[in-house]
Amino acid sequence: MRTTELLAPTLREVPAEAEVISHKLLLRAGFIRRETAGVYTYLPLAMRVLNKINQIIREEMDRQGGQELLMPIIQPAELWQESGRWDVYGPELFRLKDRHNREFALGPTHEEIITALVRSEVSSYKQLPLLLYQIQNKYRDERRPRFGLLRSREFIMKDLYSFDRDDEGLQISYQKMHEAYTRIFQRCGLRFRPVEADSGAIGGSDTHEFMVLADSGEAAVLFCEKEECDYAANVEKAAQVIVTAGHDEEPELLAEMSTPGAHTVEEVSSFLKVTPQKIIKTLLYETGLEVVAVLVRGDREVNEIKLANALGCLHLSLAGPDTVRSITGAQVGFAGPVKLNVKIVADLEVAAIVNAVAGANKDDTHLINVNPARDFNIDVVADVRMVRAGEPCPRCGEALIEAKGIEVGQIFKLGDKYSKALRAVYLDESGRSRSLIMGCYGIGVTRTMAAAIEQNNDRDGIIWPAAIAPFQVVVVPVSNKDETQVSTAEVVYNRLVAAGFEALLDDRSERAGVKFKDADLIGYPLRVTIGAKALANKQVEVRVRRTGEVLMIDQDELENRIGELLGGL
RNA sequence: CGGGAUGUAGCGCAGUUUGGCUAGCGCGCUUGCCUUGGGAGCAAGAGGCCGGGGGUUCAAAUCCCUCCAUCCCGACCA
């Protein structure tokens, strides 16, 4: 390929719409253009990267026995009504009508379609297990698309669905995908972690997210600092370890204290001279059905996902000041569990607390020496708080480290959630009809491309891992007027192509600086510079994008050395 | 959906406060000259429904109303 024939419109200035680095660089380096909010055109350079990622994905899916198919993007509403998600999915589902006024959805995911397919085509245990996947556009009408390809409304996703006879089979399929995902992201040259996660609205039991570690990530993950320990979890999932030390005090007499104006934990803490660990923070949540009081230690934060799971409810929101007043009889800041007439959910730590401070449900008043069980009843005891860096690892006890991550993949055990709703069954050996046991496994392909940039860039531009670079090597003659340089560049380029490398010849009649800047911006792993220096010694000059290192290599070693260098990138 | 901001050439912006000449600048683009180891220089060009609609006015990029779009913060979220 020659640069003069390639549509790679680089920009000198960053378009004002971009905020995060991958978005800026994808625009500047000529990989994408925005069509409308959260919807992008992938230009030729991006397509080359995406095809490489797709190829890696296909190889690893196929290695595990996956079969590729392609399902429709346009999906009939009836199927979604059958699974119950037509109503549940909400406004994030793109909906449309045809000329007959029939309703459809643009597929945000394909559980319905695949389950409908399999229920009609699979009827025997002999056809199982089955791993089916596709790579195609997905549609989600995000409330707030942002960060370029990291959160868009139309994006490319690989989705695989596994069908097994039972949980044991599912476990095997799940493990296969875990392994495949690990290999995929390794091969893409990314630094990532598989982390335990919450399964959210999609349902199911076990789930892992594959997080590319990058500061711009929207998700926070915790992982164990000990190298041998592989514990890692999304903060929304990370389990707390209860430290029971220091609870050997004798319960003392409950008493009321005047605490004028002390609304916050900090104010109460300094007013009453107690540590936040001795304070019970009482928060009122509305579930849509009822109001519940949630108790966590003063130095902790509620984890709303854990809370929703503990309560078995879908929606939660903090109660407003009016609700707080009507429930507690006091303004916000003075709620407490004693003589409170709503369901009480206590975090594990609170259930074990002794002689705590809590709000008195009376303005400007707190209670001291509050003790669970003696002074109030707990309806639900559960882990409902956020775990933070520094707390002990649930597996080995070492300290946890916190990092930001971009979720590039997620694997779920669905069980029979969809097969039951859509009546997808098979006959076992004894002729008994049983529900198919499903798993689903997604990779955001376009998001993976953006995540790779988030993790691999510098002031000059993108630094592609060699495995997913749009071209492996760019050949740049310094001067287009120098016949020797031009012809040598041509020879070098042809040799590289003949040797099977993905090479690009920058044949533009630009000054050297322009070609160098573009090469750095686009981020080809290697640049072969054909200039006077190298020609004088019958050598070629190779520059490594990632390190800036410049090597002079003999012309007859060109192919070998380029191959070696790429192997290390 | 709540809050904030912005829409002027492909990109980045000025002009709007206080209405007034033919709507500007830089980059990019075209042509020519020149230059060729890190986004050179000179010259001549092309490119605008000033986001759309409505209004006020002798006169609107500029004031008013309205709609739309885009971005940021928040809430929400496989």
Side-chain angles (χ1 to χ4, degrees), chain A residues 7 9-20 23-24 27-30 33-39 85 88-93 107-112 138-148 151-153 155 157 159 197-204 207-210 218-219 234 236 304-305 308 314-318 320 407-412 414 417-418 440-444 447 459-461 476-483 485-486 506 508-522 527-536 541 543 545 548 550:
Chain A
L7 180 64
T10 55
L11 301 171
R12 297 199 182 195
E13 285 171 288
V14 191
E17 69 189 47
E19 190 69 15
V20 299
H23 192 196
K24 288 180 182 173
L27 287 166
R28 270 198 68 206
R33 289 295 182 260
R34 185 179 61 76
E35 188 48 54
T36 184
V39 178
R85 288 208 291 182
V88 174
Y89 216 95
E92 209 173 298
L93 191 63
T109 173
H110 280 66
E111 282 82 10
E112 280 79 3
K138 291 286 184 283
Y139 296 84
R140 294 182 192 178
D141 193 0
E142 293 281 348
R143 230 167 232 204
R144 191 178 160 205
R146 57 179 150 175
F147 305 148
R151 181 167 295 275
S152 52
R153 296 195 295 173
F155 58 98
M157 179 174 173
D159 45 327
D198 185 78
S199 56
I202 201 160
T207 178
H208 284 82
E209 293 167 334
F210 285 74
E218 291 186 89
N234 191 311
E236 63 189 33
E304 294 188 1
I305 289 170
L314 278 175
H315 300 289
L316 269 181
S317 59
L318 260 180
E407 183 196 330
V408 289
Q410 186 163 16
I411 58 179
F412 290 93
L414 294 173
K417 179 179 160 118
Y418 293 93
C440 73
Y441 315 84
I443 291 179
R447 185 184 275 184
R459 191 174 306 157
D460 294 319
V476 181
V478 170
S479 165
N480 263 63
K481 293 282 153 57
D482 184 316
E483 300 251 335
Q485 289 185 23
V486 171
D506 195 340
R508 294 175 296 173
S509 58
E510 290 285 352
R511 293 162 56 87
V514 173
K515 292 186 273 194
F516 293 162
K517 286 285 183 189
D518 271 350
D520 287 350
L521 177 61
I522 293 170
R527 185 185 86 204
V528 174
T529 316
I530 309 294
K533 294 179 200 164
L535 286 180
E541 175 182 338
R543 185 170 183 278
R545 174 67 180 87
V550 174

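What you see is a predicted model, and the numbers here were worked out from it, not measured in a lab. In the text below, chain A, chain B and the rest are named by the order of the sequence lines, each starting its count at 1.
For A:Arg28 against B:rG28, a side-chain-to-base donor-acceptor contact under 3.5 Å is absent. Counting atom types as modelled, A:Glu541 pairs a side-chain N or O with a base atom of B:rG37 as donor and acceptor under 3.5 Å.
Taking every heavy atom of both residues into account, A:Asn480 and A:Arg508 meet most closely at OD1-O, 3.0 Å. Here the shortest heavy-atom pairing between A:Gln485 and A:Ser479 reads OE1-N, 2.7 Å. Closest of all the heavy-atom pairs between A:Val478 and A:Gly531 is CG2-CA, 3.8 Å. Across A:Glu209 and A:Glu236, no two heavy atoms sit closer than the pair OE2-OE2, 4.4 Å.
Distance CZ (A:Arg508) to P (B:rG37): 16 Å, rounded to an integer number of Å. Rounded to whole angstrom, the span from the CZ atom of A:Arg543 across to the P atom of B:rG37 amounts to 16 Å. The distance between atom CZ of A:Arg12 and atom P of B:rG38, rounded to the nearest whole Å, is 14 Å. A:Ile522 has its CD1 atom 17 Å from the P atom of B:rG39, to the nearest Å. If you measure from atom NE2 of A:His110 to atom C1' of B:rA78, you get 14 Å, rounded to the nearest angstrom. Atom CG of A:Leu7 is separated from atom C1' of B:rC29 by 14 Å (rounded to the nearest Å). B:rG37 atom P lies 8 Å from atom CZ of A:Phe516, rounded to whole Å. For A:Glu304 and B:rA75, the CD to C1' distance is 10 Å, given to the nearest whole Å.
Among B:rG37, B:rC77, B:rA78, the nucleotide with an atom closest to any side-chain atom of A:Met157 is B:rA78. Of the candidates B:rC72, B:rC76, B:rA69, the closest approach to any side-chain atom of A:Arg143 belongs to B:rC76. Picking from B:rC71, B:rG39, B:rG38 the nucleotide with the shortest atom distance to the side chain of A:Leu521 gives B:rG39. Nearest nucleotide to the side chain of A:Arg34, out of B:rC71, B:rG28, B:rA78: B:rC71. Nearest to the side chain of A:Glu510, among B:rC29, B:rC77, B:rG39, sits B:rC29. Taking every side-chain heavy atom of A:Arg144 into account, B:rA75 is the closest of B:rA75, B:rA78, B:rU35.
Each of A:Pro108 and A:Arg527 was matched to the nucleotide of RNA chain B holding its nearest heavy atom; the match closer to the 5' end belongs to A:Arg527.
In this structure, the side chains of A:Ile443 and A:Phe210 stay at 4.5 Å or more apart for every pair of heavy atoms.
In this structure, CD in A:Glu111 is found 9.0 Å from NZ in A:Lys417, a value given to the nearest 0.5 Å.
The shortest distance between the side-chain N/O atoms of A:Arg511 and the OP1/OP2 oxygens of B:rU35 is not below 4.0 Å. In terms of phosphate contacts, A:Ser509 brings no side-chain nitrogen or oxygen within less than 4.0 Å of OP1 or OP2 of B:rU36.
Remark: the separation of the C1' atoms in B:rG20 and B:rC34 is 44 Å, to the nearest Å. Taking the C1' atom of each, B:rC50 and B:rG45 are spaced 23 Å apart, rounded to whole Å. Comparing the same atom, C1', in B:rC76 and in B:rG2 gives a spacing of 12 Å after rounding to whole Å. Nucleotides B:rA9 and B:rA14 place their P atoms 12 Å apart, quoted to the nearest Å.
Under the Watson-Crick or G-U wobble criterion, with both distances below 3.5 Å, B:rU70 is paired with B:rA5. The partner of B:rC11 is B:rG26, judged by Watson-Crick or G-U wobble contacts that both fall below 3.5 Å. Across all strands shown, B:rU62 forms no Watson-Crick or G-U wobble pair with both key distances under 3.5 Å. Using N1 to N3 plus N6-O4 or O6-N4 for Watson-Crick, or N1-O2 and O6-N3 for G-U wobble, each under 3.5 Å, B:rA75 pairs with nothing. The nucleotide B:rC42 finds its pairing partner in B:rG32, both defining distances of the Watson-Crick or G-U wobble pair being shorter than 3.5 Å.
Contact check on A:Lys533 versus A:Glu541 returns no salt bridge, with no Lys/Arg side-chain nitrogen under 4.0 Å from an Asp/Glu carboxylate oxygen. Using a 4.0 Å cut-off between a side-chain N of Lys or Arg and a carboxylate O of Asp or Glu, A:Glu218 and A:Arg146 qualify as a salt bridge.
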B/S/- contact track for nucleotides 2-14 of chain B, protein heavy atom under 4.0 Å
---------BSS-
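Of the listed residues (A:Arg447, A:Glu142, A:Arg140), just one forms a side-chain contact (heavy atoms from CB on, under 4.5 Å) with A:Phe155, and that residue is A:Arg140.
At the heavy-atom level, A:Asp518 lies under 4.0 Å from base atoms of the strands shown. Within 4.0 Å (heavy atoms only), A:Lys138 reaches no atom of the nucleic acid at all.
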